[in-house]
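Chain letters run A, B, ... following the sequence lines, proteins first, then strands; residues in each count from 1. Only this structure's heavy atoms are used, side chains among them; waters, hydrogens and symmetry mates stay out.
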Number of protein chains: 2
Amino acid sequence: MIERMLQVPTIAELRRLVGEARRQGKRIGFVPTMGYLHDGHLSLVKKARETCDFVVMSIFVNPLQFGPNEDFDRYPRDLERDRELARSAGVDLLFTPSVEEMYPRQVLTTVSVAQVSEPLCGQSRPGHFDGVATVVLKLFQIVQPDAAFFGQKDAQQLAVISQMVEDLSVPVQIVPCPIVREPDGLAMSSRNVYLSPEERQQATVLYRSLKQADAWLKEGVPLDEIKQRMAEMITAEPLAEIDYVEVLTYPRLTPVDTASPGQQLIFALAVRFGRTRLIDNMLVTV
Amino acid sequence: MIERMLQVPTIAELRRLVGEARRQGKRIGFVPTMGYLHDGHLSLVKKARETCDFVVMSIFVNPLQFGPNEDFDRYPRDLERDRELARSAGVDLLFTPSVEEMYPRQVLTTVSVAQVSEPLCGQSRPGHFDGVATVVLKLFQIVQPDAAFFGQKDAQQLAVISQMVEDLSVPVQIVPCPIVREPDGLAMSSRNVYLSPEERQQATVLYRSLKQADAWLKEGVPLDEIKQRMAEMITAEPLAEIDYVEVLTYPRLTPVDTASPGQQLIFALAVRFGRTRLIDNMLVTV
């Protein structure tokens, strides 16, 4: 039997329904998204269903986390399709606030996470992680979930949010979920629809280079040499333009020259194909 | 019958006890303090008792909100006395965490409230309101109260916290409480204990100048002229050194040249006596 999914656009109504579920003793799981759902998002819902009794998903394209020249306006949106996917995946309550509902007045409050926000996408997208931390903390205050589910594809986002939750003692368990990939290895992303067929094909180089990096690490190739070889692999694809190729400690994202046994590292990539910027990463324990 | 007050130093134990009260359907009131309690604090407890069934007070001298040359180390502390005062006032649960309990690792997360944090004490104490907003949001996440009680003596702090709570949809009702004064008008403050007898006597000029300001406003004296007259009154006290004398809109704390009918304004003062810095203010509706 497929249960009925409720959809609400207001904070007040969301709170009322979540409060009701909470009073029934249900454990509340939360999957925040920007919509245009794919199997990556749906894997978060599946994970949430395993440990929670009531799953809330939000769909909100958050203007605070887009830079002035980024793709806020053209970010793909299809609420009809998302609603059907969310319902089928087992979402109980879909929260679809407007920008005016979330930010009725100028937002003066900013949540910043130092250090963890600074490298990688923090370099390429100034202010991005302030926008992410601020909206996620606000969504946590609205939904008050017991657990929230985030994909490791956005590994730096996950690190920023985990640090914020720990620093501020936010009573939400953060559950990281593995990257979901297309059959040819491309990490699922709402932005993949931007790619031309040719770009789409060449974009498989992100995952190929990450798998190679892992193999090279096991062979004992020095980290600098690995980064260089990855960059060469990527630039061999004529449409690819590297934003960054980096290896750092995880989750603190500090620089690392030489891998030490037991250390967790992240190989992280951002690569542009035309106007489309893709990210991918791999966590490895040395 | 005087009820037993519990005191806990850990976040985990605090949460357990507040959770128990919440499950009993009790409304949770919260009074955050830095201790060295006076009648101002106790008036907050009294107000909390009027509308809540379970009152939590925290005593935590928060290092994040003190500048490097400020009085963190010598800030007055007397936990024995505070405990007795809190108990008599009707506090149910006293939360007394150590700095290590609140900040076991370097805190990387900062909550900032633009504009409202910038004038007045924001000028004199750079970073102060970031420290206040960050610790108050953390305490709210720990206690998860229904309502929190703040004195209007720290009017800018109240404005910063109210703005933060609104921007982030924090599910806590912020209840402002009137300033409590000594018989001669000096606003109660833990820092009053720093004053020499001579300074203590001259410190009454803060409230005297505020009452005059209100009278002058009613007479139609222009705002600039009022500020100047207040400054003259204060500097007539030989030990007083003005940090600021200001009139702004409230609660947004924007500059104002001419009072418009119906507008809420704040006359705000910070004055040093030796090493002691005192603040006071008066809200007026034009």
Side-chain angles (χ1 to χ4, degrees), chain A residues 10-12 14-16 18-19 22-23 25 58 60 64 95 97 101-118 122 129-130 132-146 159-172 251-254, chain B residues 10-12 14-16 18-19 22-23 25 58 60 64 95 97 101-118 122 129-130 132-146 159-172 251-254:
Chain A
T10 69
I11 294 171
L14 185 282
R15 280 193 168 136
R16 193 181 67 72
V18 176
R22 191 179 297 112
R23 274 188 301 279
S58 63
F60 179 60
L64 295 187
F95 181 45
E101 177 70 10
M102 285 290 279
Y103 308 127
R105 298 197 315 174
Q106 191 195 355
V107 183
L108 300 181
T109 305
T110 303
V111 182
S112 309
V113 180
Q115 296 178 27
V116 186
S117 292
E118 286 156 19
F129 288 114
D130 287 3
V132 168
T134 305
V135 78
V136 169
L137 189 58
K138 183 175 172 107
L139 287 167
F140 284 178
Q141 303 304 302
I142 293 170
V143 178
Q144 295 179 262
D146 296 288
V160 166
I161 290 166
S162 299
Q163 181 72 41
M164 171 187 82
V165 160
E166 183 178 318
D167 283 349
L168 297 180
S169 301
V170 182
V172 176
R252 281 300 292 272
L253 303 179
T254 52
Chain B
T10 68
I11 293 171
L14 184 283
R15 280 194 168 138
R16 194 182 66 74
V18 176
R22 191 178 297 115
R23 274 188 300 279
S58 63
F60 179 61
L64 296 187
F95 180 44
E101 177 70 9
M102 286 290 279
Y103 307 127
R105 299 198 312 176
Q106 190 196 353
V107 183
L108 301 180
T109 304
T110 303
V111 182
S112 309
V113 180
Q115 296 179 27
V116 185
S117 291
E118 286 155 19
F129 288 114
D130 287 1
V132 168
T134 304
V135 78
V136 169
L137 189 56
K138 183 176 170 103
L139 287 166
F140 284 177
Q141 303 303 303
I142 292 169
V143 178
Q144 296 179 262
D146 296 290
V160 166
I161 290 167
S162 299
Q163 181 73 41
M164 172 187 81
V165 160
E166 183 178 318
D167 283 348
L168 297 180
S169 301
V170 182
V172 176
R252 281 298 294 268
L253 302 179
T254 51

Discussion item. Taking 4.5 Å as the heavy-atom cut-off, does anything in residues 108-115 of chain B contact chain A, and if so which residues?
Written reply: L108(B), T109(B), T110(B), V111(B), S112(B), V113(B), A114(B), Q115(B)
Worksheet entry | Residue pair Q144(A) / Q144(B): nearest heavy atoms and the distance that separates them | NE2-NE2, 4.1 Å
Item to complete: With a 4.5 angstrom heavy-atom cut-off, could you sort out which part of R252(A) is near chain B: side chain, backbone, both or neither?
Response: side chain
Fill in: Residue pair S169(B) / Q141(A): nearest heavy atoms and the distance that separates them
O-CB, 3.3 Å
Worksheet, complete the sentence: Max heavy-atom pairs within cutoff under 4.5 Å with chain A, candidates V135(B), V107(B), T134(B), V172(B), goes to V107(B)
Worksheet item: Between Q106(A), M102(A), Q163(A), R23(A), which residue shows the highest count of heavy-atom pairs closer than 4.5 Å to chain B?
Response: Q163(A)
